[in-house]
Amino acid sequence: MTAPNPRPEPEARLWCFERAGMARRKKIYEGKAKILYEGPEPGTIVQYFKDDATAFNAQKKATIEGKGVLNNRLSEFFMTGLNTIGVPTHFIRRLNMREQLVRACEIVPLEIIVRNYAAGSLATRLGIEEGTQLPRPIVEYCYKDDKLGDPLVTEEHIAAFGWASQHDMDDIVALALRVNDFLTGLMYGVGIRLVDFKIEIGRVYDGDFQRLIVADEISPDSMRLWDIETGRKLDKDVFRRDLGDLTDAYTEVARRLGVMPKQATHIAKPKLIN
Ligand code: CDP
């Protein structure tokens, strides 16, 4: 008779992996705000949130203490909520303060932007005053290419260049609008207006079937969030437009959503006792 295995095999490997430290991990990709490492199981990835902030296609850069910790927790919160209401995402679970385990997927080379109010590039492009409510949510697509500055593209370009099929696009719009409804309601409940946001979509294969899931991150780095009462900006525009302390703004969002205790991002430094 064989002794029962104290931990199921995949869990055991995950357990060892979490304690193995970063040294043994293979880096797959380093982006502006995140690093991706090979995960413990085939088909998984560890997503590490950095404190780096960039804007204007990386022309403006800074390191903002605590941003990675907040975005890890906020992205976990949004993705978990989406999974709960049946919107598939890549999120599996959070591993620690800065890392989460996600499902590996093939990223569709598009940034999907949903807008409820005019702001940023839409306000500039169409000459609409920032803050004007749009007649209905508008979905836009940008081709993911930093060298080109992520240019706006139409469904014609997407179909012609084969970045996604028409069927994929129908699914992508449906997913984007469900994410919009979910996030709008969630934010409204804590006195925040969801002006616009960006998501990325990944493809996963289940046998012969392909499915599209929400990937990357959902955080104040990729949204515009305005306080409903005061209009205070609680998103990356604080950094883009030098409006104050970015960590304070993101902490406020996390606090209102009940995501993490106040100031948990600032790890206390040792104090000299005289
Ligand atoms: O932010 P900017 O004015 O350059 O671009 P936008 O097209 O007005 O951005 C719309 C929304 O998508 C904002 O919430 C941005 O934060 C987000 N976005 C993003 O997360 N990443 C990009 N590369 C472009 C936009």
Side-chain angles (χ1 to χ4, degrees), residues 29-34 47 49-50 52-62 64 67-68 70-72 74-75 78-79 82 89-90 107-134 136-154 157-158 163 172-173 175-177 179-184 186-188 192-202 214-228 231-243 246 249-250 253:
Y29 172 80
E30 178 154 3
K32 286 175 276 193
K34 294 187 294 293
Q47 189 165 253
F49 288 77
K50 301 195 280 185
D52 297 352
T54 62
F56 312 116
N57 206 11
Q59 285 168 43
K60 179 171 178 173
K61 290 185 196 169
I64 294 164
K67 182 175 86 80
L70 282 154
N71 282 353
N72 186 25
L74 284 164
S75 202
F78 298 130
M79 296 268 185
L82 287 169
T89 79
H90 73 164
I107 295 284
V108 174
L110 297 172
E111 306 207 321
I112 318 297
I113 293 172
V114 184
R115 302 176 180 275
N116 299 306
Y117 294 81
S121 67
L122 177 103
T124 314
R125 205 183 326 127
L126 300 181
I128 305 176
E129 192 184 341
E130 279 224 319
T132 309
Q133 185 166 14
L134 300 171
R136 57 169 208 190
I138 294 177
V139 184
E140 293 179 344
Y141 315 103
C142 293
Y143 179 55
K144 261 172 74 69
D145 187 324
D146 282 343
K147 287 198 290 300
L148 300 175
D150 301 330
L152 188 69
V153 291
T154 67
H157 300 106
I158 297 167
W163 296 324
I172 288 174
V173 172
L175 277 175
L177 292 177
V179 174
N180 187 42
D181 285 347
F182 174 74
L183 293 177
T184 299
L186 200 62
M187 293 301 178
Y188 182 74
I192 296 174
R193 172 165 299 148
L194 177 65
V195 173
D196 56 29
F197 66 93
K198 182 247 350 184
I199 51 169
E200 295 189 19
I201 300 289
V214 177
D216 189 51
E217 72 177 283
I218 302 182
S219 76
D221 267 8
S222 48
M223 301 177 190
R224 282 199 172 91
L225 301 171
W226 298 352
D227 182 89
I228 291 178
R232 178 185 167 200
K233 292 184 174 32
L234 297 166
D235 55 63
K236 210 167 93 176
D237 274 349
V238 171
F239 169 70
R240 291 190 191 99
R241 304 181 187 186
D242 295 319
L243 299 176
L246 192 73
Y250 288 18
V253 176

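As the structure lists them, so they are numbered: ligands from 1, and atoms in each ligand from 1. Residue indices begin at 1 and follow the sequence shown.
When only non-hydrogen protein atoms are considered, atom 16 (O) of ligand 1 lies nearest to Arg240 NH2, 2.9 Å. Of the protein's non-hydrogen atoms, Glu111 OE1, 3.5 Å is the one closest to atom 24 (C) of ligand 1. When only non-hydrogen protein atoms are considered, atom 17 (C) of ligand 1 lies nearest to Lys198 CB, 3.6 Å. For atom 25 (C) of ligand 1, the nearest non-hydrogen atom of the protein is Ile113 CD1, 4.1 Å.
With respect to Glu130 and Arg241, a salt bridge is recorded, a charged nitrogen being found less than 4.0 Å from a carboxylate O. A salt bridge does not link Arg224 with Asp235: none of the charged nitrogens is closer than 4.0 Å to a carboxylate oxygen.
A donor-acceptor distance shorter than 3.5 angstrom exists from the side chain of Lys236 to the backbone of Thr54, with no hydrogens or angles considered. A donor-acceptor pair under 3.5 Å is absent between the side-chain atoms of Lys32 and the main chain of Ala55, judged by distance alone. Judged by distance alone, with hydrogens and angles left aside, the side-chain atoms of Lys67 form a donor-acceptor pair with the main-chain N or O of Asp52 at under 3.5 Å.
Remark: atom 4 (O) of ligand 1 lies closer than 4.0 Å to no protein heavy atom.
By the criterion of a heavy-atom distance under 4.0 Å, the backbone of Asp221, and not its side chain, is placed next to ligand 1. Looking at Arg224 against ligand 1, both its backbone and its side chain come within 4.0 Å, counting heavy atoms. At a heavy-atom cutoff of 4.0 Å, ligand 1 is contacted by the side chain of Arg115 but not by its backbone. With a 4.0 Å cut-off on non-hydrogen atoms, Asp196 touches ligand 1 through its backbone as well as its side chain.
Every heavy atom of Lys144 sits 4.0 Å or more from the atoms of ligand 1.
The distance from the NZ atom of Lys50 to the CG atom of Asn71 is 13.0 Å, given to the nearest 0.5 Å. Note that CD1 of Ile172 is 7.5 Å distant from CD1 of Ile158, once rounded to the nearest 0.5 Å. Remark: Lys144 NZ to Asp216 CG distance equals 6.5 Å, nearest 0.5 Å. Taking CG from Leu194 and CG from Leu225, the interatomic distance works out to 6.0 Å, rounded to the nearest 0.5 Å.
The shortest N/O to N/O separation between Glu140 and ligand 1 does not fall below 3.5 Å.
Heavy-atom contacts from other residues, nucleotides or ligands closer than 6.0 Å to NZ of Lys60 number more than 12.
Ligand 1 places these atoms under 4.0 Å from at least one heavy atom of Gly120: 3 (O), 8 (O). Taking a cut-off of under 4.0 Å to the non-hydrogen atoms of Asp150, the atoms of ligand 1 that pass are 23 (N). For ligand 1, the atoms sitting less than 4.0 Å from at least one non-hydrogen atom of Ser121 are 3 (O), 5 (O), 6 (P), 7 (O), 8 (O), numbered in the order shown with element in parentheses. Close approach to Met223 involves these atoms of ligand 1, each under 4.0 Å from a residue heavy atom: 14 (O), 16 (O).
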